[in-house]
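Chain identifiers are assigned alphabetically (A, B, ...) following the order of the sequence lines, protein sequences preceding nucleic acid strands; residue numbering begins at 1 within each chain.
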2 protein chains.
Amino acid sequence: MRHWHARIRTFVARGGPRVPNLVRMSTALLTDHYELTMLRAALKSGAAHRRATFEVFARSLPAGRRYGVVAGTGRLLAALADFRFGPEELSLLTGSGVVDAATADWLAAYRFSGAIRGFAEGEPFLPGTPVLVVEGPFAECVLLETLTLSVLNHDSAIAAAGARMVQAAGSRPLIEMGSRRTHEEAAVAAARAAYLVGFAATSNLEAARRWGVPSSGTAAHAFTLAHPTEQEAFEAQVDTLGVDTTLLVDTYDTEAGIAAAVAAAGPGLGAIRIDSGDPAAGVRAARAQLDALGATETRIIVTGDLDEHSIARLAGVPAAGYGVGTSLVTGSGAPTAGFVYKLVEIDGRPVAKTSVGKTTRGGRKDVLRRHDAGGVAVVDLVLPAGERPGGDAASRGHSQTEGGLAPSALDGPAEQAQPVGGSLAGPGRDRPLLVELVRDGAVVDPTVTGPVGLRRARDHHRAALADLPRRARDVAFGHPCLPVITSVPHP
Amino acid sequence: MRHWHARIRTFVARGGPRVPNLVRMSTALLTDHYELTMLRAALKSGAAHRRATFEVFARSLPAGRRYGVVAGTGRLLAALADFRFGPEELSLLTGSGVVDAATADWLAAYRFSGAIRGFAEGEPFLPGTPVLVVEGPFAECVLLETLTLSVLNHDSAIAAAGARMVQAAGSRPLIEMGSRRTHEEAAVAAARAAYLVGFAATSNLEAARRWGVPSSGTAAHAFTLAHPTEQEAFEAQVDTLGVDTTLLVDTYDTEAGIAAAVAAAGPGLGAIRIDSGDPAAGVRAARAQLDALGATETRIIVTGDLDEHSIARLAGVPAAGYGVGTSLVTGSGAPTAGFVYKLVEIDGRPVAKTSVGKTTRGGRKDVLRRHDAGGVAVVDLVLPAGERPGGDAASRGHSQTEGGLAPSALDGPAEQAQPVGGSLAGPGRDRPLLVELVRDGAVVDPTVTGPVGLRRARDHHRAALADLPRRARDVAFGHPCLPVITSVPHP
């Protein structure tokens with residue numbers, strides 16, 4: 001057998017990065033080599049110009065999760081605008097033989113001219129439903145696979161984990177502080193995704209700059225260690241940041257630290273932070289000590305390896321808020337959302353894979369979320385595009401339940417929508433989940449790519465989550481909170 | 001109790017990003033808010049100017065791992081050069097009240113002037129050993145915590161997972177193809193880290209451009225679906241990429257796909273790729289079918305949810321190479337390396353936390369890797385900086401074993417260094433692991449920040465891994481492969 005390694009088709013950039021840490025002018029190379037080779041072959045075969053529909057969907061949720069959250073849409077639409085092949089990109093691609101001259105000419109003029117529909121950013125989703133639909137000439141759409149999936153898979157994984165933490169924390173605010181545990185740019189996106197699902201603030205300054213996320217922070221253990229005594233460190237911090245600051249009291253001994261904190265700031269101290277030890281016991285002891293010192297209004301912030309489960313267990317102790325790092329930015333056990341990008345229609349013909357374990361469902365589709373008389377979501381309906389559902393969707397010939405329980409098996413009676421939830425659909429209504437994002441290559445609402453869109457997505461997430469059945473908000477291991485009924489024939 | 005949320009110190013950027021998807025001029029805001037507040041307070045208290053030593057280390061390895069791999073050093077040193085506070089950063093920080101005017105003046109002149117020592121990029125490490133040491137005025141060093149940890153935690157997590165996959169694959173090449181499963185910039189870094197530890201190529205074009213990593217790719221299922229028949233798709237691909245291409249044969253039925261592939265390309269077809277089903281059975285069946293069709297030299301590439309364990313199980317089947325995605329870019333269950341950045345010395349005084357479960361060991365340190373008479377590493381020694389070890393390091397008064405087994409409990413006899421390993425130290429020698437990276441604020445060897453440095457790090461990794469005991473290269477669950485003996489007194 002010949003040695004395969006030496007024959008890999010490779011592309012090695014000559015001379016390396018001119019600006020290593022990077023002034024990025026284009027997002028076009030944040031993609032996989034094979035998209036360019038497919039393009040090249042499709043231009044030659046003619047497939048490039050066929051009208052294509054690609055869908056993004058997840059085959060399943062991470063084990064035990066009740067719903068996923070679509071996140072990253074605003075970032076994706078911003079990146080789409082920068083998806084251009086300039087002279088530098090083209091010279092790399094042609095110089096290395098990835099593309100030929102004809103393909104390079106086509107790429108030089110590339111501008112996505114098609115349409116994108118998708119779930120609103122922040123929308124909860126169930127497996128098997130298309131959350132993004134990209135339509136246009138095959139060649140234009142096939143190039144967007146990697147960028148689309150990178151953004152959505154990362155941001156949605158963080159958002160899904162963060163949403164559960166927000167539910168677990170109830171009315172107590174959460175600060176995202178996981179930047180140091182993930183790639184430095186992923187950290188900015190993670191801070192954005194956490195804010196999307198209801199975190200109050202982030203430690204990440206670039207997320208504040210770029211996305212308007214409120215940022216927050218006071219001091220680390222190093223600040224205490226850099227001063228001769230803990231109390232001198234606290235005095236220095238109070239001197240600069242005021243008595244309303246948060247003092248980190250567990251560098252040495254937490255009880256002594258709390259005493260030093262109140263000594264330095266007085267009983268009007270804003271907050272203390274505890275970053276180690278058993279949090280429940282630590283908070284109770286700290287509360288008693290603070291109260292005994294007269295610092296009855298001093299809040300207790302808990303940080304240190306928290307996740308949605310440990311936050312839920314702290315509901316009964318007098319913590320005022322939480323900082324979450326590692327578990328948030330790593331998706332709490334599910335660091336990627338599992339979205340795939342699949343061709344479902346070509347020139348009006350539904351197409352689908354039949355690979356073992358990886359089948360797809362062909363054809364353009366719509367998705368509706370159906371609500372009961374109380375305004376609570378009961379099922380997601382996946383229909384051929386343009387078809388209207390009957391009330392009998394569940395009994396149609398091609399029906400099939402995926403990724404959830406059949407309605408008859410729902411694990412509880414119909415629930416009231418939360419009174420403050422502001423139902424997005426209303427009693428007995430079907431809400432279309434795919435909304436128009438890009439038309440003729442242009443972003444329909446350019447504000448979605450900036451801080452304004454992020455704040456609107458945050459509001460949408462809160463409202464949409466309030467419309468889900470109550471079991472959705474339980475962080476314990478469980479089934480997807482809604483059934484999905486797909487009424488699309490196999491081609 | 002007052003409502004804590006409303007009183008978080010926040011910083012909201014006004015007006016949002018001017019260039020949403022971004023021309024980044026500075027890495028200075030890829031950091032945590034609290035570093036700026038600590039700086040501000042330390043400038044006022046005087047702590048800012050004290051001589052500080054910070055160490056980066058991991059308290060433990062992910063469960064079952066034999067070693068970690070230091071990765072990201074080249075990226076970090078490149079990012080350090082861009083860690084500057086320009087007018088835009090300063091106006092954001094002052095406008096939001098994060099820093100005052102005096103702090104802003106200090107930041108405007110900021111340039112790291114200190115020293116950085118660290119493990120060579122690609123070096124295997126054990127828990128408890130400092131892998132990076134940052135020294136300089138407290139204020140200069142404290143600002144680098146988040147950027148340092150973000151880069152090292154991400155890249156080292158990928159490298160550690162990837163190194164095990166390379167060991168499991170033996171002489172068969174691996175292609176990194178996980179870009180779509182992680183943040184789009186993390187994808188570039190992941191491709192770099194995979195190449196560092198011995199992957200042959202990546203699917204990521206930006207990693208090819210920026211770091212000179214060979215890129216590779218041919219076609220996805222969508223390409224097949226976009227053509228009227230599978231064979232027409234294969235013919236189109238062969239027409240463009242030649243018979244030496246790799247045809248993806250499992251869009252519909254793999255047996256029919258292989259037949260169509262050989263029909264389209266002839267028996268000289270370069271390779272097929274199988275992305276679904278049971279890989280062992282699929283490869284065996286495909287090999288038999290290819291051989292029967294006369295395509296005896298056609299290679300079989302396996303992709304689809306592989307990790308180090310499934311790759312190891314494929315050793316006995318005639319696969320020619322593997323593509324790895326999700327498990328690589330998510331660190332195969334450990335998406336962050338667990339590095340922390342801790343102050344260990346201030347103005348010559350060793351300092352250490354005594355927090356429950358999070359203690360540190362004060363004082364500047366050196367790290368030596370000791371080798372036996374066969375050139376095989378036997379122990380990592382952590383010593384006070386400047387001290388030389390005796391042969392009796394294990395019996396010193398302050399000795400302590402951390403993160404591994406004591407030498408007497410090693411799970412096998414002394415092993416020979418691999419004959420092709422090219423021992424870095426030599427029989428019976430101690431190799432210092434901390435090398436000088438930055439002196440007086442300047443990168444000692446600027447090539448480490450580019451493709452040349454990456455290739456050198458790749459070579460170093462291979463040689464350093466070859467010097468470890470053979471058990472290090474076992475991907476089964478096990479103990480750290482070397483003991484760490486720390487001969488540093490508690491302060």
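- The choice from Gly46(A), Ala47(A), Ala233(A) that makes the most heavy-atom pairs within less than 4.5 Å of chain B is Ala47(A).
- Considering only residues two or more places apart in sequence or on other chains, Val142(A) meets the side-chain contact (heavy atoms from CB on, under 4.5 Å) condition with Met38(A), Phe54(A), Phe138(A).
- The part of Arg50(B) that comes within reach of chain A is its side chain, from C-beta onward, which places non-hydrogen atoms under 4.5 angstrom from that chain.
- Taking CD from Gln237(A) and OG1 from Thr37(B), the interatomic distance works out to 7.0 Å, rounded to the nearest 0.5 Å.
- Going from atom CG of Leu205(A) over to atom CG of Leu93(B) covers 6.0 Å, rounded to the nearest 0.5 Å.
- Between chain A and the residues Gly277(B), Ala186(B), Ala236(B), the most heavy-atom pairs under 4.5 angstrom are made by Ala186(B).
- Counting heavy-atom pairs closer than 4.5 Å to chain B, the top-ranked of the candidates Lys342(A), Met177(A), His221(A) is His221(A).
- Looking at Ala219(B), the atoms closer than 4.5 Å to chain A (heavy atoms on both sides) sit in the backbone and in the side chain alike.
- Rounded to the nearest 0.5 Å, atoms OG1 (Thr224(B)) and NZ (Lys353(A)) are 10.0 Å apart.
- Looking at Thr326(B), only its side chain comes within 4.5 Å of chain A, counting heavy atoms on both sides.
- Between Tyr252(B) and Ala352(A), the closest heavy-atom pair is CE2-O, 3.7 Å.
- Taking every heavy atom of both residues into account, His154(B) and Thr182(A) meet most closely at CB-C, 4.1 Å.
- Contacts with chain A were tallied for Pro335(B), Gly357(B), Gly331(B), Ser355(B); Ser355(B) has the most, counting heavy-atom pairs under 4.5 Å.
- Here the CD atom belonging to Glu184(A) is positioned 11.5 Å from the CG atom belonging to Leu149(B), to the nearest 0.5 angstrom.
- The minimum heavy-atom distance between His33(A) and Ser215(B), with the atom names listed, is ND1-OG, 2.7 Å.
- Separating the OG1 atom in Thr218(A) from the CG atom in Leu36(B) is a distance of 12.5 Å, to the nearest 0.5 Å.
- The aromatic rings of His183(B) and His183(A) sit parallel to each other, their planes meeting at less than 30°, with 60° as the upper class boundary.
- Counting heavy-atom pairs under 4.5 Å between each of Ala226(B), Gly74(B), Ser276(B) and chain A puts Ala226(B) at the top.
- The side chain to side chain donor-acceptor pair (under 3.5 Å) test applied to Tyr34(A) returns Glu145(A), Arg180(B), not counting sequence neighbours.
- With a 4.5 Å cut-off on non-hydrogen atoms, Val188(B) touches chain A through its side chain but not through its backbone.
- Side chain of Lys358(A) to backbone of Gly304(B): no donor-acceptor contact under 3.5 angstrom is found.
- Leu29(A) contributes atom CG, which lies 8.5 Å from atom CG of Asn204(B) (distance to the nearest 0.5 angstrom).
- When each of Asp278(B), Thr146(B), Asp250(B), Thr251(B) is scored by its heavy-atom pairs under 4.5 Å with chain A, the top score falls to Thr251(B).
- For chain A, the nearby parts of Asp275(B) are the backbone and the side chain; heavy atoms of each come within less than 4.5 Å.
- Across Ile346(B), Asn153(B), Leu43(B), Leu225(B), the residue that shares the most heavy-atom pairs under 4.5 angstrom with chain A is Leu225(B).
- Annotation for Ser179(A) and Ser150(B): closest pair O-OG, 2.7 Å, computed over non-hydrogen atoms.
- At a 4.5 Å heavy-atom cutoff, the contact between Ala42(A) and chain B is made by backbone and side-chain atoms alike.
- Contact check for Glu185(B) versus Leu30(A): side-chain heavy atoms found under the 4.5 Å cut-off.
- Among all heavy-atom pairs drawn from Leu92(B) and Arg209(A), the shortest one is CD1-CD, 3.1 Å.
- With hydrogens and angles disregarded, a donor-acceptor distance shorter than 3.5 Å links the side chain of Lys44(A) to the backbone of Asp239(B).
- Under a 3.5 Å cut-off, the side chain of Thr336(B) and the backbone N or O of Arg181(A) do form a donor-acceptor pair.
- Among the candidates Ala28(B), Ala220(B), Ala207(B), Ala187(B), the residue making the largest number of heavy-atom pairs closer than 4.5 Å to chain A is Ala220(B).
- Ser45(A) pairs in a side chain to side chain contact (heavy atoms under 4.5 Å, CB included) with only one of the listed residues (Glu232(B), Glu235(B), His227(B)), which is His227(B).
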